[in-house]
Amino acid sequence: MTFSHDIAIIGAGPVGGALACALAAQGKTVLLVDRAALPPMEHPDFDGRAYAIAAGCKRLLDTAGLWEALPFAPCPIEKIDVTDGKVGRPASPLQLHFNAGDVGEGAFGWIIEARSLRIAINQRLHEAPGVTLRAPAAAQVSRDAHGVRVTVGEEVFMAGLVVAADGRGSQLRGQAGIAVTRLNYGQSAVVCAIAHEKPHEGVALEHFLPGGPFAQLPMTGTQAHPHLSAIVFTDRHETVKRLAAMDDARFLPEVRKRLGTHLGEVALVGRRWTYPLSAMYAARYYDTRLALIGDAAHGVHPIAGQGLNLGLLDAVALVELLAGAADCGTPELLAAYQAARRPANMLMLAATDALDRLFSTNNPLLRLARDAGLAAVERMPRLKRRFVLTAMGR
């Protein structure tokens, strides 16, 4: 069979879009279809949302030509402080500190504005000669052992492989009959950005609280706001619903109670977002000429900021496996993809699930045990190094 494209990708979000750009840079021909029009995804105004990109994922963005196309400079994460406490009280003195220099790296990763990555992806998708883009459009996909047929309106495309990058509610996954297991945390996340008086010095904070973790992520400042950070904190649905209903004047003290005073005076920048939290995992990552990637295959608690990174590492694995493939959809190649990614993703899901259950509690015995655990790991350089390298996607 003669394929009009090597690979079809359904879903042009950050993972699907980055994969399309990387494959095109490799010389593959790619059909990319998304139900949404791409320009509205860019959100040209600063809106407070950001991604934590691990160092191990940067090479994909480099390969795809996305890193150089980012319109707003990423901010390196040079240190990470892990603390434990209660809302409105000082953090426990038993803490854990990570320094990128301890593993010979300049940064653990980077904080990138969500709009910055979207703008870069859109630009590259329109420039890449090997990409056929259809958005907004709906795709009808049929597969057999010989190939993939993708119908978009009155157009028909043939491909050797279709990649499901269509999110947690993936239609392609459902059509393939791949089972999904879901975990409900009873929590929601609040996402926003703050301007602060003192510089963050490239330090990220993960502060564990009884209702859920609170993260402060360093961002690149602007002329109007030289010192900026993204804020992500989780709490019970009821608490987040109450916070979402507050005006800025009442909401800001809630941020201060969780953040502490190390950044001085703070002010909200942009809007606030809330998201219900859950985790999920697919029973398998492939079917006949179909590969699941990103949120179509897995979703984890944001406690370690690894959700997007896992999807980008899926893309890294696919790009490497497809590099020398004459046929992109063989069972052997797809089995190798699953073997490369599912165990690592399941390990991260188990780790983030365990961390949330251990730290999102006010049980005094558990609080004592986890504080002692933080202090113990702080004194174990080899274990700290292993944690660091895993978080960096190494």
Side-chain angles (χ1 to χ4, degrees), residues 52 77-100 102 108-109 111 183 185-192 194 196 198 200-218 229-240 243 253-264 266 277 279 300-307 348-388 390-392:
I77 304 173
E78 300 172 6
K79 297 180 181 180
I80 301 174
D81 292 338
V82 181
T83 60
D84 185 28
K86 293 184 177 182
V87 176
R89 298 185 186 180
S92 165
L94 302 177
Q95 302 178 2
L96 185 55
H97 306 281
F98 298 101
N99 190 323
D102 293 341
F108 293 110
I111 301 299
L183 306 175
Y185 291 107
Q187 297 172 323
S188 292
V190 180
V191 178
C192 61
I194 58 169
H196 38 87
K198 300 177 183 179
H200 49 58
E201 307 291 358
V203 180
L205 170 68
E206 185 84 13
H207 185 40
F208 291 110
L209 298 166
F214 174 93
Q216 169 255 319
L217 307 171
S229 289
I231 296 296
V232 182
F233 65 93
T234 62
D235 216 313
R236 304 303 174 194
H237 291 316
E238 299 77 13
T239 302
V240 170
L243 293 172
E254 296 293 333
V255 174
R256 293 193 188 101
K257 285 193 292 186
R258 291 163 172 80
L259 177 65
T261 60
H262 67 287
L263 294 178
V266 299
L277 300 183
V300 300
H301 193 286
I303 194 167
Q306 292 297 310
M348 183 60 72
L349 185 148
T352 54
D353 182 76
L355 280 173
D356 181 69
R357 296 182 190 280
L358 174 63
F359 282 92
S360 297
T361 176
N362 208 22
N363 184 298
L365 292 178
L366 284 177
R367 288 179 58 83
L368 181 62
R370 70 196 187 205
D371 284 357
L374 290 178
V377 174
E378 177 70 8
R379 297 191 295 270
M380 299 179 181
R382 290 186 180 179
L383 185 57
K384 284 178 67 176
R385 179 181 175 83
R386 183 65 263 162
F387 286 161
V388 167
T390 299
M392 293 173 70

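Each residue takes its place number in the sequence, starting with 1.
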Worksheet item: Between Ala279 and Tyr185, what is the shortest heavy-atom contact and its length?
Response: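 That would be CB-OH, 3.6 Å.
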Item to complete: State, to 0.1 Å, how close Gln306 and Val300 come at their nearest heavy-atom pair, and which atoms those are.
Response: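 Of all heavy-atom pairs spanning Gln306 and Val300, the closest is C-CG2, 4.5 Å.
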Would you mind writing out the side-chain donor-acceptor pairs for residues 203-218 within the sub-3.5 Å range, not counting sequence neighbours?
unit_1, atom_1, unit_2, atom_2, d
His207, ND1, Thr83, OG1, 2.6
Gln216, NE2, Val203, O, 3.4
Gln216, NE2, Ser229, OG, 3.0

Item to complete: Report the residues that fulfil salt bridge (charged side-chain N to carboxylate O under 4.0 Å, His left out) with Lys257, sequence neighbours left out, ordered by chain and then residue number.
Response: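 Partners of Lys257 by the salt bridge (charged side-chain N to carboxylate O under 4.0 Å, His left out) criterion, ordered by chain and then number, come out as Glu254.
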Practice prompt. Please identify each residue that fulfils salt bridge (charged side-chain N to carboxylate O under 4.0 Å, His left out) with Asp353, with sequence neighbours left out.
Written response: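 Applying salt bridge (charged side-chain N to carboxylate O under 4.0 Å, His left out) to Asp353 gives Arg357.
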Discussion item. Please report the interatomic distance CZ(Arg258) to NZ(Lys86), rounded to the nearest 0.5 Å.
Written reply: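 So the gap between those two atoms works out to 14.5 Å.
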Worksheet item: For the atom pair CD1 (Ile194) and CG (Leu259), what is the distance rounded to the nearest 0.5 Å?
Response: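 Here the rounded value is 5.0 Å.
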Practice prompt. Taking the side chain as every heavy atom from C-beta outward, state whether Val190 and Ile231 have any pair of such atoms under 4.5 Å apart.
Written response: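 SC-SC contact between Val190 and Ile231 ruled out.
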Discussion item. In the structure I gave you, are the side-chain heavy atoms of Phe233 and Leu243 within less than 4.5 Å of one another anywhere?
Written reply: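 They are in contact (side-chain heavy atoms under 4.5 Å apart), so the answer is yes.
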Discussion item. Once side-chain hydrogen bond (donor to acceptor under 3.5 Å, both in side chains) is applied, do any residues pair with Ser188, and if so which ones, sequence neighbours excluded?
Written reply: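 With sequence neighbours excluded, Ser188 shows a side-chain hydrogen bond (donor to acceptor under 3.5 Å, both in side chains) to His237, given in chain and number order.
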Worksheet item: How would you list, by chain and number, every residue that makes a side-chain hydrogen bond (donor to acceptor under 3.5 Å, both in side chains) with His200, sequence neighbours excluded?
Response: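 By the side-chain hydrogen bond (donor to acceptor under 3.5 Å, both in side chains) rule, His200 matches no residue at all.
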Practice prompt. Identify, with sequence neighbours excluded, every residue that meets side chain to side chain contact (heavy atoms under 4.5 Å, CB included) alongside Glu78.
Written response: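 In terms of side chain to side chain contact (heavy atoms under 4.5 Å, CB included), with neighbours along the sequence ignored, Glu78 is linked to Pro76.
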